[in-house]
Amino acid sequence: MSRSRSPFGQQLPPSAVVTAAATRRRFLQGSLLGATMLGAPALLTACGGDDSGGGSGAGSSVKFGINEAKGSGPAYDRLAAVAAAYTASSGTKVALNAVDHNTFQENINTYLQGSPDDVFTWFAGFRMNQFAESGLISDVSDVWPIDGLGDSFKQASTATDGKQYFVPASYYPWAVFYLKSTFEKRGYEPPTTLAELTTLMTKMQKDGITPFAFADKDGWPAMGTFDILNMRINGFDFHMSLMAGESDWDSAEVKQVFDTWRGLLPYHQADPLGRTWQEAATSMGKGECGMYFLGTFVVDAIADQEDDLDFFTFPELDSSIGATALDAPIDGFCVAAAGRNQSGAKEMMKFLGTAQAADAANKGNTPFIAANSGADTSVYSALQQKSVEVVNQATDIAQFLDRDTRSDFASTVVIPSLQQFLKSPDDIDGVTKSLQEQKVSIFGG
């Protein structure tokens, strides 16, 4: 397969195309929306009344569900700015339904089966495909092509039926973040191997600094650590096979991941289940912790220190595997099939993929990395410029664990299993056995 061009004119690996070949091999064996998911509390509901003001233009309205609570910070501000820009350019009123990130994701299935907003924030990958296969999101193929969004992003928006159901807005890498001032003051150097990482972590502890900030109160952050360790130890192909339900969770390969993780835990903040990712980021910002493995959005929690932030990709653990794979999720938008204003929603989707929408989002602090190649990159900080370079240089790109596998498996099995491991890291056999048994139950034999 030839490599697809990135939105910045460089080469993106075919694996960046939603990791399609791996995640689509075993999609949906029966309905994903069984009694367990249907029984989720309906905390996420559409805003306003039943009248969506059909169509678009002056006097009409579109309901916009976003996964950021009002006042939550830059992520909310960016989405609100995009909504305001669309109203200004089209005359269409946008009714924002702002819900905190975790509630939004945990109740998305119930939301989409009820009375959802017309347009909502979502992600590329397996979970976008899931909703397409389930008939919960609308085909937006007529929105494509979108000027400034190349083939890589079109394929990232394409489900197994060959139709597009998604419009990308941004992407970001997961990496090891640190404060340049801390490293310069202590004479630390970014490591490239496990031996160098161990030496650095040991030195940090001697200096009275906890090497890694760490949090998993919300359930999903630890997935990033599992992803990178699995890709570094077993390679990208095995990782995607595991996500697709084709490899065994009680295999020697997965046990090695947990065993390596257990060896790294003493270098991480203790009691991660009682800490949010924002609190962990603040610990790094205060100099209490030396590093933090997270997505570029870490800057949202410590925006006043952005100029002091830098990062490196997670070090190589096996020279035969290398360190060129990473998580780089793509965020964007979908149209709810049950939304009342389908025509208005599609008109808004045409705008959401434009450089104009990206520029509206990027006018404030901490701009995101726009998917559209026409977006103004002059506002990018050094951090964002480096993020673009790192993603372009990666050979294999995953979307993140809860986007690359079935939602029922990620939320009801993986999250509690990883949290159980963090509570009892010596019970690797018990955790992997439970994961495998539940994987078989959900995916089949």
Side-chain angles (χ1 to χ4, degrees), residues 28 30-50 52 62-73 75-76 79-80 83 94-138 165-166 169 215-224 273 276-278 297 329-341 345 399-419 438 442:
L28 286 187
S31 173
L32 293 182
L33 303 173
T36 300
M37 298 308 294
L38 288 170
L43 298 178
L44 176 59
T45 57
C47 60
D50 291 334
S52 290
V62 174
K63 295 178 179 178
F64 187 27
I66 65 173
N67 57 352
E68 298 292 341
K70 185 175 182 179
S72 60
Y76 169 83
L79 290 166
V94 179
L96 275 181
N97 180 21
V99 180
D100 77 88
H101 195 83
N102 278 2
T103 300
F104 193 98
Q105 289 192 216
E106 290 169 4
N107 296 281
I108 188 68
N109 293 283
T110 303
Y111 164 72
L112 291 177
Q113 294 176 89
S115 300
D117 301 296
D118 302 308
V119 178
F120 67 99
T121 50
W122 201 237
F123 322 113
F126 201 100
R127 296 194 69 184
M128 178 273 292
N129 202 19
Q130 165 192 330
F131 291 145
E133 292 279 348
S134 301
L136 293 177
I137 55 178
S138 298
Y165 292 84
F166 181 78
D216 201 46
K217 184 176 182 178
D218 296 324
W220 55 265
M223 290 178 172
L273 304 189
T276 66
W277 71 264
Q278 294 95 333
F297 57 87
I330 300 171
D331 290 346
F333 310 96
C334 293
V335 172
R340 296 178 63 87
N341 187 359
Q399 288 295 304
F400 198 72
L401 195 153
D402 66 0
R403 306 185 188 194
D404 282 330
T405 193
R406 290 174 53 150
S407 62
D408 49 355
F409 183 65
S411 61
T412 64
V413 178
V414 178
I415 285 178
S417 296
L418 295 186
Q419 290 185 327
Q438 293 180 83
I442 291 173

Review point. Where do Ala336 and Ser138 come nearest, in terms of heavy atoms and distance?
Key: O-OG, 3.8 Å
Check your understanding: So how far is it from Leu401 CG to Leu418 CG, rounded to the nearest 0.5 Å?
Key -> 7.0 Å
Point to revise | Spacing of Cys334 atom SG and Asp118 atom CG [to the nearest 0.5 Å] | key: 13.5 Å
Check your understanding: When rounded to the nearest 0.5 angstrom, what is the spacing between CG in Asn97 and NZ in Lys63?
Key -> 9.0 Å
Review point. Is Phe126 close to Gln399 at the side-chain level, that is, under 4.5 Å between some pair of heavy atoms?
Key: no
Practice item. Rounded to the nearest 0.5 Å, what's the gap from CG on Asn109 to CG on Leu136? Could you check? Key: 7.0 Å
Practice item. Please examine the side chains of Thr121 and Phe104, heavy atoms only from C-beta on, and report whether any two atoms are closer than 4.5 Å. Key: yes
Exercise for review: Report yes if some heavy atom in the side chain of Asn67 is under 4.5 Å from a heavy atom in the side chain of Phe123; otherwise report no.
Suggested key: yes
Practice item. Provide the closest heavy-atom pair for Phe166 versus Met128 in the form atom of the first, atom of the second, distance. Key: CB-CG, 4.0 Å
Review point. Side-chain contact, heavy-atom cut-off 4.5 Å: Asp218 with His101?
Key: no
**Study point:** Counterpart residues, salt bridge (Lys or Arg N to Asp or Glu O under 4.0 Å), relative to Asp331 (two or more places apart)
**Key:** Arg403
Check your understanding: Is the closest side-chain donor-acceptor distance between Tyr111 and Asp117 under 3.5 Å?
Key -> yes
Point to revise | ring-ring contact (aromatic ring centres under 6.0 Å, His included) partners of Phe333, counting only residues at least two apart | key: Phe64
**Study point:** Aromatic ring pairing Trp220/Phe400, orientation class (parallel under 30°, perpendicular over 60°, tilted between)
**Key:** perpendicular
Exercise for review: State, to 0.1 Å, how close Gln419 and Gly219 come at their nearest heavy-atom pair, and which atoms those are.
Suggested key: NE2-CA, 3.7 Å
Review point. Are Asp100 and Thr103 close enough, and set up right, to give a side-chain hydrogen bond (donor to acceptor under 3.5 Å, both in side chains), and what steps lead you there?
Key: CA-CA 6 Å; Asp100 77 88; Thr103 300; 2.7 Å; yes
Point to revise | Euclidean distance, Lys70 NZ relative to Leu79 CG, rounded to 0.5 Å | key: 14.0 Å
Exercise for review: Measure across Thr405 and Ala410 and return the closest heavy-atom pair with its distance rounded to 0.1 Å.
Suggested key: CG2-CB, 3.9 Å
Practice item. Please name all residues satisfying side-chain hydrogen bond (donor to acceptor under 3.5 Å, both in side chains) with Glu68, sequence neighbours left out, ordered by chain then number. Key: none
Check your understanding: Which atom names give the shortest non-hydrogen contact between Ala98 and Ile66, and what distance separates them?
Key -> CA-CG1, 3.7 Å
Revision key, fill the gap. Interatomic distance, CZ@Phe131 vs CD1@Ile108, rounded to 0.5 Å, equals 5.0 Å
Review point. Nearest heavy-atom pair of Ser411 and Ile415: which atoms, and what distance?
Key: O-CB, 3.8 Å
